[in-house]
Participant: 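Please find one structure pasted underneath; my questions will follow.
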Protein chains: 4
Amino acid sequence: MKYTIFGESHGPAIGVVLEGVPAGLELDLDFIRAQLARRAPGQNAMTTARKEADEPELLSGVFEGRTTGGPLCAVIFNTDTRSRDYAKLKDLPRPGHADYAGFVRYRGCNDYRGGGHFSGRLTAPLVFAGAVAQQVLGGHGVTVAARISNVAGIPDPTPEEMEGAILAAKADGDSVGGRIACAVTGLPAGLGDPDFGCNVEGIFSQYLFAVPAVKAVGFGLGTGFAEIRGSQANDPFYMDGGTVRTRTNHAGGINGGITNGMPVTFEVTIRPTPSIGREQDTVDLSTGSDVKLSVTGRHDPCILPRAVPVIEAAAALAACQVLGI
Amino acid sequence: MKYTIFGESHGPAIGVVLEGVPAGLELDLDFIRAQLARRAPGQNAMTTARKEADEPELLSGVFEGRTTGGPLCAVIFNTDTRSRDYAKLKDLPRPGHADYAGFVRYRGCNDYRGGGHFSGRLTAPLVFAGAVAQQVLGGHGVTVAARISNVAGIPDPTPEEMEGAILAAKADGDSVGGRIACAVTGLPAGLGDPDFGCNVEGIFSQYLFAVPAVKAVGFGLGTGFAEIRGSQANDPFYMDGGTVRTRTNHAGGINGGITNGMPVTFEVTIRPTPSIGREQDTVDLSTGSDVKLSVTGRHDPCILPRAVPVIEAAAALAACQVLGI
Amino acid sequence: MKYTIFGESHGPAIGVVLEGVPAGLELDLDFIRAQLARRAPGQNAMTTARKEADEPELLSGVFEGRTTGGPLCAVIFNTDTRSRDYAKLKDLPRPGHADYAGFVRYRGCNDYRGGGHFSGRLTAPLVFAGAVAQQVLGGHGVTVAARISNVAGIPDPTPEEMEGAILAAKADGDSVGGRIACAVTGLPAGLGDPDFGCNVEGIFSQYLFAVPAVKAVGFGLGTGFAEIRGSQANDPFYMDGGTVRTRTNHAGGINGGITNGMPVTFEVTIRPTPSIGREQDTVDLSTGSDVKLSVTGRHDPCILPRAVPVIEAAAALAACQVLGI
Amino acid sequence: MKYTIFGESHGPAIGVVLEGVPAGLELDLDFIRAQLARRAPGQNAMTTARKEADEPELLSGVFEGRTTGGPLCAVIFNTDTRSRDYAKLKDLPRPGHADYAGFVRYRGCNDYRGGGHFSGRLTAPLVFAGAVAQQVLGGHGVTVAARISNVAGIPDPTPEEMEGAILAAKADGDSVGGRIACAVTGLPAGLGDPDFGCNVEGIFSQYLFAVPAVKAVGFGLGTGFAEIRGSQANDPFYMDGGTVRTRTNHAGGINGGITNGMPVTFEVTIRPTPSIGREQDTVDLSTGSDVKLSVTGRHDPCILPRAVPVIEAAAALAACQVLGI
């Protein structure tokens, strides 16, 4: 299964083409919509006020409710676009955003409105693709589940702690980041290879870093491996009935790039939303001078809550590749 | 440029095929040997006692001292192999190693001696390939430099601190991990794409996770992004002569998957060497029973010192891909 | 540049996503429409009576008339779909078509109406993609031009001969095939590599065989190389001003998988349209019995005239890959 | 399974790395040697007098006689190299050869001795890889068999006709080409996809055009499809017991890019050996002037006899990819 995302935040539509979907799958549209709803904007005071129905239209790959095995294209037409919010940003790259890098990369021709193709809005088709992947994985006994493991430096925050930290940042015209932990259960031992392009950590990381704002990925104990000794880090084997298991899962289910039958676990770090109300230093690309910038428009003070289904989507697509689907 | 590594720790040879090397490069064998020497075993009390000359033989791709543009194959023949050390490990997977995952993956047929193809010894051909890549990058004004940023939980350790921590672990029949920071300078702004398979973080991470023992990768502030606010995280732009720069480089030179002209910086976490002398729990795959295991043989109590040129190699190969070389 | 085609003949829409289009290209929609018109059905008595406007809608990748550098999605909504023509074919695979192979491949779930994703109609988005590629190539001085070189066994037929052969077959409830010759001019010498995955013949052939009904591809003299001697086949070199050229171009501009600066020339053979009115033997997949079948519905007695821009499209996309675009 | 070939005709060695070989295969070295022997030079008056033992040495991927599942590297060291034969060719590109294209591609740095990496000698490691692939295929009930179908324009020549045509050309200081037909039996119906990169014809063609001197590839009737009508071209289906078969196999076992369960058949055209003794026109790249050239040294007046196992090798590797091995 291979996905290709297209679209710009304020263009006609965003969407995805999924190739290699197994034929005959009865698409669970309720599950797809539920995943999209978890990601959708406008849910509460912590998220952007932009409202999008995010109802996917299936252009291909589904016939009489089942997948055909051909490429599946789903499109979400953009509706609530207020482009004038962004017009002044054309020459003033927002710090922390891809505006400047994209300006150079695309010779000043990318759609600057709302970040264009860089917009977090493009994660909606990713969630669509991931939901299909999760359904496919379900048929193989594989599940994917993510949760917020850190917000604004608070580990495993309660809802109240999380809301408090986010709204405090919002009140300051600022934003916060955090971490999302994810577990993929049900992958059998013996998938992957140690070599470049085939190792399970490398495969997952490529999907995860394709999610905007992800800046770090660690498997099992992740960065924590630096602080402990081998005797603590190694996962002891034992027999559980006829099955080999490990008593701990510090390795995150992967040894030498190959699954060992334990859940594949990882944590991603998501940077604070770069769009903040506070005044920042930037440059005017049309004049080559230093200027001040305050980003207005609608944005989230923290994207963690909405990013959870996105990480699940990326993990599900990675798990499909690992399984050879 | 594409690399393919082959070989087993105790087989006839290890090596690498590098495809896409630009023609006409006068191979700097002194630099290649210097990088291999940094990685070589037997340097001091902190490293395994195994001695290997690690002298690469060029089988193809070089003619009259210059690269031909055809696939370049370099081979290192194994000499100091003491296989009996490993014979008893055939049925007893070492905790933390790929023995069990590899046993399932390869149906019990992989070469168990010294970890076979999983051995850290396979990083020698990787360093060879990376050294060629570094030479190619030099022609584009790109440099790669890594350093140990953490050992056993000690940030930026002095040589004395590092040696102390490593030898203390060794004395306990144990091992320690750490982190390596790396900077790639000279990459111009505007390389990469936000999409899957093309974004710079995803490309680097795939090379880095192909290095054995790497369990986490973070760009710029990495996991630190979870603890700060957007106003602290964003890198303010300013004009430096005619060039757009950022005052800080928290993003590690990458925005939206595209280089922004600042150095690409990242940190990898390397797990403690799984081979430790202390007794551990494991299973006997031939009888299906729980057993105790003490790993003898030669191994490093900490691979960080030898891993620095390996991370440079992986980063150099990634940088070549990002540059389209 | 990479293309991904989606859609089914009688589904909601067909389309294509083009990745890697250079940013800043002012799309020449007139040229795109002209190429689509050459491929469109309903042109005359030699083509199917199905009428489709084939007007592409741009969903992404274009902003203010220029390409953004992001994925470009173009969609053509299906309008003139008469599905009942095909309902009876569900269980009766048409000889020469992909019905049976697709039935097995997709577990009976593919959209059987009008061939579904196998339909020649899917060449419309391919022509769209190719037209963009041709425009990009134009900026590099590269042109692509194809022509019918054989219809029904008649080499280089005049329009009258062609029409005569096609209408004769149509009158018999039958169909004819033929050949299309194509030349790509302007590719500089020194592109490609001899090795698998990189050689120019291999690259072109992969694009060409992705065109439905193409069953043979030959470069330069193609199959004619079997009948001549080396002294006749070799293209003698000579100096033309400061440029090395060959007096003949039997090799089709490619030696050892690498362009030699002469036009890349090739010929493809296109099988006769499998949809014919005459009664044929087939099987009923629902009962497992032998049955007779007469294919009704709308179809071309010869697709050669409409296939010319399709071959140009495939060649243009291949040339972009060869050029590293 | 993926193969990477390296080496130059007159360098230290040629070889191949095969990735993805299933673990646990007992390598049939007798079969490998037999295939290599069919390709080896020096067999009779029709082939080059160069003598090479072509004995492969296994550097990796095999342990105790069985494949480990890791990359398998096999090397053939060059022995009978007479480089002075080629020294004068450095600046005089041989017509029909890749000398000039390679000179431009590799900036004059490729190894010109004996064609370097372009040499037909590089088909020896390809045959090695193909022999392993054939053994793997055997475990899936798939066989590959090729035969000469045309020499010098003579269809299905008898040994006497073939020898006559080849020796006549040799006597004239000339060479001849021909065709090789190949059948892959045992591939089940339902493999492949119609889309670019996945269709069976595209996959096979990429492997086949990677064989030096192959200039045309046709499936089933191939170019013959241009001369017949649809009613003749279509393969009628019938029930054979519970199995769907076709009475003819004009499509070469492939419809819409997907296998239909019949043997996959194709024919490749191989150009006459470009190395001929007769005087030819060429240029002197060092002076930019037109000159005459007579190619001396050892070469085959016709490579068809030795190319048969090479085509089998390419087909076997393609079949593995189609099967997802």
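Each chain gets a letter, A, B and so on, in the order the sequences are listed, and its residues count up from 1.
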Participant: Can you tell me which of A:Phe225, A:Tyr3, A:Phe219 forms the most heavy-atom pairs within a distance under 4.5 Å of chain B?
Facilitator: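 Option with the top pair count is A:Phe225.
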Participant: Does the side chain to side chain contact (heavy atoms under 4.5 Å, CB included) test come out yes or no for A:Asp235 and B:Tyr100, once each step is laid out?
Facilitator: CA-CA 12 Å; A:Asp235 299 307; B:Tyr100 171 67; over 6 Å; no
Participant: To the closest 0.5 Å, what do you measure between CD1 (A:Ile276) and CG (B:Asn234)?
Facilitator: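 Interatomic distance, A:Ile276 CD1 to B:Asn234 CG, rounded to 0.5 Å: 5.0 Å.
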Participant: If every non-hydrogen atom of B:Pro194 is compared with every non-hydrogen atom of A:Tyr106, which pair is closest and at what distance?
Facilitator: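 Closest approach of B:Pro194 to A:Tyr106, heavy atoms only: CD-OH, 3.4 Å.
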Participant: Which heavy atom of B:Phe118 sits nearest a heavy atom of A:Ile258, and at what distance?
Facilitator: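 So the minimum-distance heavy-atom pair works out to CZ-CD1, 3.4 Å.
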Participant: NZ of B:Lys2 to CZ of A:Phe196: how many Å apart, nearest 0.5 Å?
Facilitator: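 Between B:Lys2 NZ and A:Phe196 CZ, I get 10.0 Å after rounding to 0.5 Å.
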Participant: Is any side-chain heavy atom of A:Gln232 closer than 4.5 Å to a side-chain heavy atom of B:Asp174?
Facilitator: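 Not in contact.
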Participant: So what's closer than 4.5 Å to chain B heavy atoms on A:Val211: side chain, backbone, both or neither?
Facilitator: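 No part of it gets close to chain B.
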Participant: Using modelled atom types only, decide if a donor and an acceptor are shared between the side chain of A:Arg229 and the backbone of B:Pro272 within a distance under 3.5 Å.
Facilitator: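 Side chain of A:Arg229 to backbone of B:Pro272, a donor-acceptor pair under 3.5 Å: no, none is there.
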Participant: Between A:Ile228, A:Ile5, A:Thr259, who has the most heavy-atom pairs with chain B when the cutoff is under 4.5 Å?
Facilitator: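 With the most close heavy-atom pairs to chain B, the winner is A:Ile228.
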Participant: Heavy-atom distances under 4.5 Å only: say whether B:Glu201 touches chain A with side chain, backbone, both or neither.
Facilitator: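 Both parts, backbone and side chain.
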Participant: Flag the pair A:Arg179 / B:Thr223 as yes when at least one side-chain heavy-atom distance between them is below 4.5 Å, and no otherwise.
Facilitator: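 In short, these two side chains touch, coming nearer than 4.5 Å.
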Participant: Report yes or no: does A:Asp290 contribute a side-chain atom to a donor-acceptor pair with the main-chain N or O of B:Met239 at less than 3.5 Å?
Facilitator: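 Yes; at least one donor-acceptor contact below 3.5 Å.
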Participant: Let me know if B:Leu285 has heavy atoms under 4.5 Å from chain A in its side chain, its backbone, both or neither.
Facilitator: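 When you check distances to chain A, only side chain atoms of B:Leu285 fall under 4.5 Å.
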Participant: Do you know which of B:Asn150, B:Val291, B:Asn199, B:Asp284 has the most heavy-atom pairs under 4.5 Å to chain A?
Facilitator: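 So the answer, after comparing B:Asn150, B:Val291, B:Asn199, B:Asp284, is B:Asn199.
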Participant: What closest approach, in Å, do B:Gly256 and A:Ala98 show between heavy atoms, and which atom pair accounts for it?
Facilitator: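 Between these two residues, the closest heavy atoms are CA-CB, 3.7 Å.
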Participant: In terms of heavy-atom pairs under 4.5 Å, which option from A:Gly177, A:Ser205, A:Gly218 contacts chain B the most?
Facilitator: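 Heavy-atom pairs under 4.5 Å are most numerous for A:Ser205.
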Participant: Working to the nearest 0.5 angstrom, can you tell me the gap between B:Asp193 CG and A:His117 NE2?
Facilitator: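 Rounded to the nearest 0.5 Å, the CG-NE2 separation comes out at 7.5 Å.
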Participant: Taking all heavy atoms of B:Thr282 and all of A:Phe237, pick out the closest pair and write down the distance.
Facilitator: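 Reported closest heavy-atom pair: OG1-CD1, 3.4 Å.
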Participant: Among the options A:Ser289, A:Gly190, A:Ala226, A:Ala216, pick out the one with the most heavy-atom pairs lying under 4.5 Å from chain B.
Facilitator: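 Highest number of heavy-atom pairs under 4.5 Å: A:Ala226.
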Participant: Enumerate by number any residue of residues 264-271 of chain A whose heavy atoms lie under 4.5 Å from heavy atoms of chain B; in the absence of such residues, state 'none'.
Facilitator: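 Under the 4.5 Å heavy-atom cut-off, A:Thr269, A:Ile270, A:Arg271 qualify.
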Participant: Count the heavy-atom pairs under 4.5 Å between each of B:Pro212, B:Pro93, B:Gly102 and chain A, then report the option with the highest count.
Facilitator: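 Ranked by contacts with chain A, first place is B:Pro93.
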Participant: Heavy-atom pairs under 4.5 Å with chain A: which of B:Gly252, B:Gly261, B:Ala169 has the most?
Facilitator: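 The answer is B:Ala169.
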Participant: Looking at chain A, which one of B:Gly257, B:Pro188, B:Pro236 has the largest number of heavy-atom pairs inside 4.5 Å, strictly under?
Facilitator: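 If we count pairs closer than 4.5 Å to chain A, B:Pro236 comes out on top.
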Participant: Select, from B:Gly220, B:Ala213, B:Gly202, B:Cys198, the one with the greatest count of heavy-atom pairs under 4.5 Å involving chain A.
Facilitator: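 Option with the top pair count is B:Gly202.
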Participant: For B:Ser231, is it the side chain, the backbone, both or neither that has a heavy atom under 4.5 Å from a heavy atom of chain A?
Facilitator: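 For B:Ser231, heavy atoms of backbone and side chain both lie under 4.5 Å from chain A.
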Participant: Does any heavy atom of chain A fall under 4.5 Å from the side chain of B:Phe204, the backbone, both, or neither of them?
Facilitator: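 Neither part.
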Participant: Select, from B:Thr273, B:Val176, B:Asp195, the one with the greatest count of heavy-atom pairs under 4.5 Å involving chain A.
Facilitator: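 Counting heavy-atom pairs under 4.5 Å, the top option is B:Asp195.
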Participant: Of the backbone (N, CA, C, O) and the side chain (C-beta and beyond), which part of B:Thr246 lies under 4.5 Å from a heavy atom of chain A, both, or neither?
Facilitator: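 Neither the backbone nor the side chain of B:Thr246 comes within 4.5 Å of chain A.
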Participant: Counting heavy-atom pairs under 4.5 Å to chain B, which of A:Gly222, A:Pro95, A:Gly288 comes out on top?
Facilitator: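 So the answer, after comparing A:Gly222, A:Pro95, A:Gly288, is A:Pro95.
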Participant: Does the B:Asn260 side chain pair with the main chain of A:Ala101, one donor and one acceptor, at a distance under 3.5 Å?
Facilitator: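 Checked: no pair found.
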Participant: Nearest 0.5 Å, what's the CG-CZ distance between B:Asp281 and A:Arg247?
Facilitator: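 The distance works out to 6.5 Å.
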